[in-house]
Student: 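Here it is, the structure in full.
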Amino acid sequence: MTAAEESTVETTTGGRALIEAGTPVAGSMSQAAGTVVFEPGAARVQVNPRFAGALRTVADDVAELTGRERVRAGAALAFAVEYAATVHRNGRAVRTDRFFTPRPGSRPLVEELAESVVAAARRSTDERRVRHLGYLLAEVAVSPDIDAELVGRALRLAEELSWRQLALLAAVGRRERVPLSMSPLEDDPRGWTAWGAYEDVADLQRSGLLDPPPAQPRPGGAALPRLRPADLRLTRRGVLVHRLLVLEVLRDEAVVAALADLGLPRS
């Protein structure tokens, strides 16, 4: 074997090992994901070859990561494989624009995005978020109506949100099949958990992710209407985050827990 071939093997092995290192967060699926990306002929499921190629490149680039950042980076790529396999099986084709094409003096957009997602996952100490960061990468790969600037905006918004806020967005997004409570929220709950959850909702309103916006003081000090969970709607910005993070599939137990924190069970 030539020196160049040995170098290629070492690099490939490093990238595959990185994806498989995501096991503490992504479970045994990380092993399968490593096979899909680096040995597709032996894999039981398939993803688009161009998408797999981008994941190989990024996995190789960050193969030297260590510690928990390595775990999160590998898990994000494994989750990207998981969701990419799902959309591939459902017949959703990857984009046919220049998303996968190298640009003059630069690399393909898919590789830039994959690196951004891995970087966000590395920073995400709440590792429950890593799954949906990986899903974002796979969702954008089949969404030609979403450009790179929009993806960057969604990632920045997502990084500012807590896990409970993501769960609250998911709850509002699935309101048509799981109705929200008609009972009004307390304006200043006494319990700390309920107060914190109420502040999470208010922050989502203030950041333009949920409508209606926070109620403003009325002339003469008239009482403000009390917000009900059933009144909440995703804004256009909220729809973007909900769609790209694939919050539609955020686990039901997380949604139930977030609503319970408000002190109001789902109806």
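Residue numbers count from 1 along this sequence.
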Student: So which pairs with a foot in residues 21-34 pass salt bridge (Lys or Arg N to Asp or Glu O under 4.0 Å), sequence neighbours left out?
Tutor: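 Qualifying pairs: none.
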
Student: What donor-acceptor contacts under 3.5 angstrom involve side-chain atoms of residues 18-31, with partners at least two apart or in another chain?
Tutor:
unit_1	atom_1	unit_2	atom_2	d
E20	OE2	R16	NE	3.2
T23	OG1	E20	O	2.8
S30	OG	T23	N	3.3
S30	OG	G27	O	3.4

Student: Within a strict 4.5 Å, meaning less than it, do heavy atoms of the R122 and L133 side chains meet?
Tutor: no

Student: Run the side-chain contact (heavy atoms from CB on, under 4.5 Å) test against R128 and tell me which residues pass, sequence neighbours left out.
Tutor: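 Testing R128 for side-chain contact (heavy atoms from CB on, under 4.5 Å), a comparison that skips the adjacent residues, returns D126, W163.
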
Student: Testing the basics here: between A76 and V130, what is the closest heavy-atom pair and its distance to 0.1 Å?
Tutor: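 Result for this residue pair: N-CG1, 3.5 Å.
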
Student: Around R251, counting heavy atoms of other residues, nucleotides and ligands shown, do more than 12 lie under 6.0 Å from its CZ?
Tutor: no

Student: If every non-hydrogen atom of E112 is compared with every non-hydrogen atom of S106, which pair is closest and at what distance?
Tutor: OE2-OG, 3.3 Å

Student: Taking ring pair (Phe, Tyr, Trp, His ring centres under 6.0 Å) as the test, write out the residues that go with F51, two or more places apart.
Tutor: none

Student: Show the nearest heavy-atom pair for residues V117 and G134, with the distance to one decimal.
Tutor: CG1-N, 4.3 Å

Student: Nearest 0.5 Å please: distance from the NE2 atom of H132 over to the CG atom of L247.
Tutor: 6.0 Å

Student: Can you check whether A230's main-chain N or O pairs, donor with acceptor, with R175's side chain at less than 3.5 Å?
Tutor: yes

Student: Distance check, rounded to the nearest 0.5 Å: L155 atom CG versus L150 atom CG?
Tutor: 11.5 Å

Student: Verify salt bridge (Lys or Arg N to Asp or Glu O under 4.0 Å) between E199 and R164, making sure each step is shown before the conclusion.
Tutor: CA-CA 11 Å; E199 287 295 300; R164 183 164 59 195; over 6 Å; no

Student: Quick check: does any side chain N or O of R174 sit under 3.5 Å from a backbone N or O of E248, one acting as donor and the other as acceptor?
Tutor: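 Yes, the answer is positive, given that a donor and an acceptor are paired below the 3.5 Å cut-off.
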
Student: Can you name the one residue among D231, L232, L204 that meets side chain to side chain contact (heavy atoms under 4.5 Å, CB included) with V172?
Tutor: L232

Student: So do P144 and I146 actually touch side chain to side chain, heavy atoms under 4.5 Å?
Tutor: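 Contact flag for I146/P144 side chains = no.
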
Student: Taking atom CZ as the centre, does R103 end up with more than 12 heavy-atom neighbours from other residues, nucleotides or ligands that are less than 6.0 angstrom away?
Tutor: yes

Student: In residues 188-195, what donor-acceptor pairs under 3.5 Å come from side-chain atoms, sequence neighbours left out?
Tutor:
none

Student: In Å, rounded to the nearest 0.5 Å, how long is the span from CG of L210 to NE2 of H242?
Tutor: 10.5 Å

Student: Has the side chain of S207 got a donor or acceptor atom that lies under 3.5 Å from a matching backbone atom of D203?
Tutor: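 Looks like yes, one N/O pair under 3.5 Å.
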
Student: I want to check something: taking the side chain as every heavy atom from C-beta on, are L136 and L113 in contact at a cut-off of under 4.5 Å?
Tutor: yes

Student: List the residues meeting ring pair (Phe, Tyr, Trp, His ring centres under 6.0 Å) with F99, not counting sequence neighbours, and say none if there are none.
Tutor: none

Student: Donor-acceptor pair, distance only, cut-off 3.5 Å: does the side chain of T235 make one with the backbone of G238?
Tutor: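 Side chain of T235 to backbone of G238: a pair is present.
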
Student: Kindly write out the residues that satisfy side-chain contact (heavy atoms from CB on, under 4.5 Å) with A52, not counting sequence neighbours, or none if the list is empty.
Tutor: V47, R56

Student: I'd like to know if the side chain of R95 reaches the main chain of A141, judged simply by a donor and an acceptor atom lying under 3.5 Å from each other, with no hydrogens or angles considered.
Tutor: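 Side chain of R95 to backbone of A141, a donor-acceptor pair under 3.5 Å: no, none is there.
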
Student: Shortest non-hydrogen contact from A258 to A167?
Tutor: CB-CB, 3.7 Å

Student: Tell me the closest heavy-atom pair linking R92 and V142, and the distance in Å.
Tutor: NH2-CG2, 3.3 Å

Student: Determine whether a donor-acceptor pair (N or O, by modelled atom type, separation under 3.5 Å) exists between the side chain of R70 and the backbone of A63.
Tutor: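 Checking the backbone N and O of A63 against the side chain of R70, a donor-acceptor pair under 3.5 Å is found.
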
Student: Can you run down the salt bridge (Lys or Arg N to Asp or Glu O under 4.0 Å) pairs that involve residues 142-153, sequence neighbours left out, and say none if there aren't any?
Tutor: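 Non-adjacent pairs meeting salt bridge (Lys or Arg N to Asp or Glu O under 4.0 Å): D145-R243.
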
Student: Once side-chain hydrogen bond (donor to acceptor under 3.5 Å, both in side chains) is applied, do any residues pair with N48, and if so which ones, sequence neighbours excluded?
Tutor: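 In terms of side-chain hydrogen bond (donor to acceptor under 3.5 Å, both in side chains), with neighbours along the sequence ignored, N48 is linked to no residue.
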
Student: With the side chain counted from C-beta on, respond yes when D60 and F38 share a heavy-atom pair under 4.5 Å apart, and no when they do not.
Tutor: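 Counting from C-beta outward, D60 and F38 do come under 4.5 Å.
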
Student: After noting the C-alpha distance and the side-chain angles of Q46 and R89, does the key distance pass the side chain to side chain contact (heavy atoms under 4.5 Å, CB included) rule?
Tutor: CA-CA 8 Å; Q46 298 295 316; R89 187 167 56 249; over 6 Å; no

Student: Report yes if some heavy atom in the side chain of V118 is under 4.5 Å from a heavy atom in the side chain of L137; otherwise report no.
Tutor: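 They are not in side-chain contact.
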
Student: What is the distance from atom OH of Y135 to atom CG of L244, rounded to the nearest 0.5 Å?
Tutor: 15.0 Å

Student: Any side-chain heavy atom of L161 sitting closer than 4.5 Å to one from L169?
Tutor: yes

Student: Could you report the tightest heavy-atom contact between R237 and L209, atom names first, then the distance?
Tutor: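 Smallest interatomic distance, heavy atoms only, reads CG-CD2, 3.5 Å.
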
Student: What pairs with A202 under side-chain contact (heavy atoms from CB on, under 4.5 Å), at least two apart in sequence or on another chain?
Tutor: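 With sequence neighbours excluded, A202 shows a side-chain contact (heavy atoms from CB on, under 4.5 Å) to Q205, R206, given in chain and number order.
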
Student: Does E139 form a side chain to side chain donor-acceptor pair (under 3.5 Å) with Y83? I'd like the steps, not just the answer.
Tutor: CA-CA 8 Å; E139 175 64 27; Y83 191 66; 3.2 Å; yes

Student: Between L250 and L245, does a side chain to side chain contact (heavy atoms under 4.5 Å, CB included) hold up when you go through it step by step?
Tutor: CA-CA 9 Å; L250 191 140; L245 291 180; over 6 Å; no

Student: Sequence neighbours excluded, which residues qualify as side-chain hydrogen bond (donor to acceptor under 3.5 Å, both in side chains) partners of R123?
Tutor: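 side-chain hydrogen bond (donor to acceptor under 3.5 Å, both in side chains) list for R123, sorted by chain: E159.
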
Student: Got a sec, which residues hit side-chain contact (heavy atoms from CB on, under 4.5 Å) with P108, two or more places apart in sequence or on another chain?
Tutor: P102, V110, E111

Student: Report yes if some heavy atom in the side chain of V201 is under 4.5 Å from a heavy atom in the side chain of P229; otherwise report no.
Tutor: no

Student: Quick one: does L262's side chain get under 4.5 Å of D200's, heavy atoms only?
Tutor: no

Student: Distance from L65 atom CG to R72 atom CZ, nearest 0.5 Å?
Tutor: 10.0 Å

